[in-house]
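For reference, the structure is listed below as structure tokens.
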Amino acid sequence: MSPTTKGIHVHGVGPGSNLGRYVIGRRLSSRPGTDERWTATDPSRDQDVILTVIDPSAPHLAAALDAARRAAGIELPQLVRILDVDRDESAAWVAEEAIAGRTFAAAIGRAGLPPEEVRRVTGEIATALEVARGRGVHHLALNPESVLMADDGRVLVRGLGTDGALDGHDEEGERAARTDAVATVALTYAGLTGRWPLSTESGGLPPAHRTDDGVAAPSLLAVGVPRDLDDLCREVLDEDQGPQTPGAIARLIGPWETTPANPAPISAVPPPPSPPSTPAAVPPPPPTPGAAPSTNEAEDDGGKGASVAAAGGAAVAAVAGAGKAVTDKISQFARSARDKAEDVRAERSAQRETLRAAENNDQVSLDQAGTSSDLEPPAPLLPSGSGAMPNQTQQRAVLWLMVAFVVGALVIGLIGVSRIGANTNLDAIFGSDATAPSTTTSRTSSTTPSSSPGTKQGEQLAIIKAVGYDPAGDGVERNADAPRVYDGNPSTIWQSEGYNDPNFGNKPGVGIVVDLGQEQSIGSVTLTLPSTARATVYAADQPANSGPSVGNTGGRSGNVTLTPNEPITARYVTVWFTTTAPGDDGRHRASLAEIVVRAP
């Protein structure tokens, strides 16, 4: 978005007007026919916010609001918080917290940033995007205007999910992760060189220099570029290789500093002044009443550069003529700075290990679990004293105490075992509603369409998971939205990715798979279809687009109930779409609102 002060506002939104509970302030940017960004205040909370006001006729309005709501559920220090998502008859809006600072594009300027500051910014962005990816949310429109450099030193990403949806991007899975990874590396390149290497919004940065092999390497344009950052930019931007996810970038470039890099060089340490003729202690001048503490940026850099200078100056002022003391003091602070850097590296290393654990589905193996050696020893039963052996009376007391404990434990255990399962409503635990059946059903014969034990005839079977199905593509199809098909709310729907061709182009189709937890006897499948579509429902022991089928929708819409001609026992039910319906944006999608699987 480019700053502007002219043009027609979205449906009369202007300075001093009201939108919902917000009072509009100053317009920051505008994209005609799509959205505008405004400063605003929330009088009910006495809070300043930034409003993204979306034209109600914007082609991707619904997708943008949905993405904003999902992004609002992710709270990270590196993400600008989404405070509100709403709409009325005149406009829709997304309210974000107002951050004091400037954009990454403004911070870069023409000369770029110090390499270690670029490493910090890249690491913070990659970490935030990787956590969001784990929640099924991607940015897809990351650029130098999407990153804020707060006055307090934080790095924040704004527009998660929302900006990409407004631009019409709907990638999922590996493609979406790669898109965000490439944009993150592009920001690294921009920070090092002051130039933008992609064809997307640059925030006013000039385009990168290009050679026959692609964009010029950062090391050709700037001095002191670290080898790993230079190689990262070459691999991703010129060779289309390198990390495929933001998390892989974070692991590759870490560790990084937790505070902004110090712009003041260490050579700024002033030389000690000549000692006075009379070696006497000179006290520092008293502080001026009401004076604010120093806010010199060099003093906020974890003990580097100017901190050493300040330490040296303080030592000289305190002990006149003690040149050796000044040297010792500087060395002491230098060691302190090195120790702090080691602490930072250890902290970042721990964060990377946590990130790896998250990518492995947070599974912890037995050999990673704590052992008894990690626990404090139990309090001794014997009296503390000289360590002498207990007498016979004490030994007998301890023995009877242990016998009583063991007998009591056995009695309690026997009572507990006899009551396992009593008064337990397994339907309420495993089912999707009060009438849902137990998922503890046993395998039934494929030749006998009888219900599993504990399942009533014609009763709804519980669904434990749903995922998109794209065997001819990247393997996923809007997986983050898949759980909507069994949430019991027909107004929330799953949609496939958008296609230019009504028949998916060069693919036979796409689908969505629901998991029943274990093999179940299937009597019928009811689909709630928001639009007309041809889809076949398959049931098997794995996701499939061929084999035993429950039936075909025949191009119908609304509630469609399909019943198999022969008894079917399966764990997975696949709804395989072979046609799509056009959307308001001209792209074609398959969609499903609800699926209900019932026992025979």
**Study point:** N489 atom CG, over 12 foreign heavy atoms within 6.0 Å
**Key:** yes
Check your understanding: Short question: side chain of H139, backbone of R158 - any donor-acceptor pair under 3.5 Å?
Key -> yes
Check your understanding: Between the main-chain N or O of I253 and the side-chain N or O of R119, is there a donor-acceptor pair closer than 3.5 Å?
Key -> yes
Exercise for review: Look at R31 together with E201 and state whether they make a salt bridge at an N to O cut-off of under 4.0 Å.
Suggested key: no
**Study point:** Main-chain N/O of T122 paired to T188 side chain as donor or acceptor, under 3.5 Å
**Key:** no
Exercise for review: Would you mind reporting whether W576 and P508 have side-chain heavy atoms less than 4.5 Å apart?
Suggested key: yes
Point to revise | Test log, rule salt bridge (charged side-chain N to carboxylate O under 4.0 Å, His left out), inputs R175 and E497 | key: CA-CA 12 Å; R175 284 187 295 175; E497 297 177 11; 2.4 Å; yes
Exercise for review: Compare every heavy atom of E36 with every heavy atom of S30, then report the nearest pair and how far apart it is.
Suggested key: OG-CG, 3.6 Å
Revision key, fill the gap. Taken in chain and number order and not counting sequence neighbours, the residues that satisfy side chain to side chain contact (heavy atoms under 4.5 Å, CB included) with A570 are I522, A539, I568
**Study point:** Nearest heavy atoms of A250 and T127, plus distance in Å
**Key:** CB-OG1, 4.1 Å
Check your understanding: Within a radius of less than 6.0 Å around NZ of K465, do more than 12 heavy atoms belonging to other residues, nucleotides or ligands occur?
Key -> no
Practice item. Apply side chain to side chain donor-acceptor pair (under 3.5 Å) to D213 and T211, showing your working. Key: CA-CA 5 Å; D213 297 327; T211 66; 4.8 Å; no
Exercise for review: Please confirm whether the backbone N or O of A141 pairs with a side-chain atom of D163, one donor and one acceptor, at under 3.5 Å?
Suggested key: no
Point to revise | Main-chain N/O of Y469 paired to E477 side chain as donor or acceptor, under 3.5 Å | key: no
Review point. Please, which pairs that meet salt bridge (charged side-chain N to carboxylate O under 4.0 Å, His left out) have at least one residue in residues 563-578, sequence neighbours excluded?
Key: D515-R571
Review point. Looking only at atom types and distance, does a side-chain atom of R178 sit under 3.5 Å from a main-chain N or O of P243, one as donor and one as acceptor?
Key: yes
Revision key, fill the gap. Closest heavy-atom pair, Y189 versus A208, reported as atoms and distance to 0.1 Å, is CE2-CB, 3.6 Å
Point to revise | Check: T526/T561 side-chain N/O donor and acceptor closer than 3.5 Å | key: yes
**Study point:** Any side-chain heavy-atom pair of F104 and L113 under 4.5 Å
**Key:** yes
Point to revise | Shortest non-hydrogen contact between D170 and G498, atoms and distance | key: OD2-N, 2.8 Å
Exercise for review: May I ask you to decide whether D470 forms a salt bridge with R478, counting only side-chain N to carboxylate O separations under 4.0 Å?
Suggested key: no
Check your understanding: Does R195 offer a backbone N or O that forms a donor-acceptor pair with the side chain of T193 under 3.5 Å?
Key -> yes
Review point. Is the backbone of T528 close enough, under 3.5 Å, to the side chain of E594 for a donor and an acceptor to pair up by distance?
Key: no
Practice item. Just jot down the ring-ring contact (aromatic ring centres under 6.0 Å, His included) partners of W494, sequence neighbours excluded, or say none. Key: none
Practice item. For residues P218 and D230, report the shortest heavy-atom separation together with the two atoms involved. Key: CD-OD1, 3.1 Å
Exercise for review: Please confirm whether the backbone N or O of L140 pairs with a side-chain atom of D180, one donor and one acceptor, at under 3.5 Å?
Suggested key: yes
Review point. Are the side chain of S496 and the backbone of A590 linked by a donor-acceptor contact shorter than 3.5 Å?
Key: yes
Review point. Are R589 and P530 close enough that some pair of their side-chain heavy atoms sits under 4.5 Å apart?
Key: no
Exercise for review: Check T553 against L529 and note the closest heavy-atom contact, atom names and distance.
Suggested key: CG2-CD1, 3.9 Å
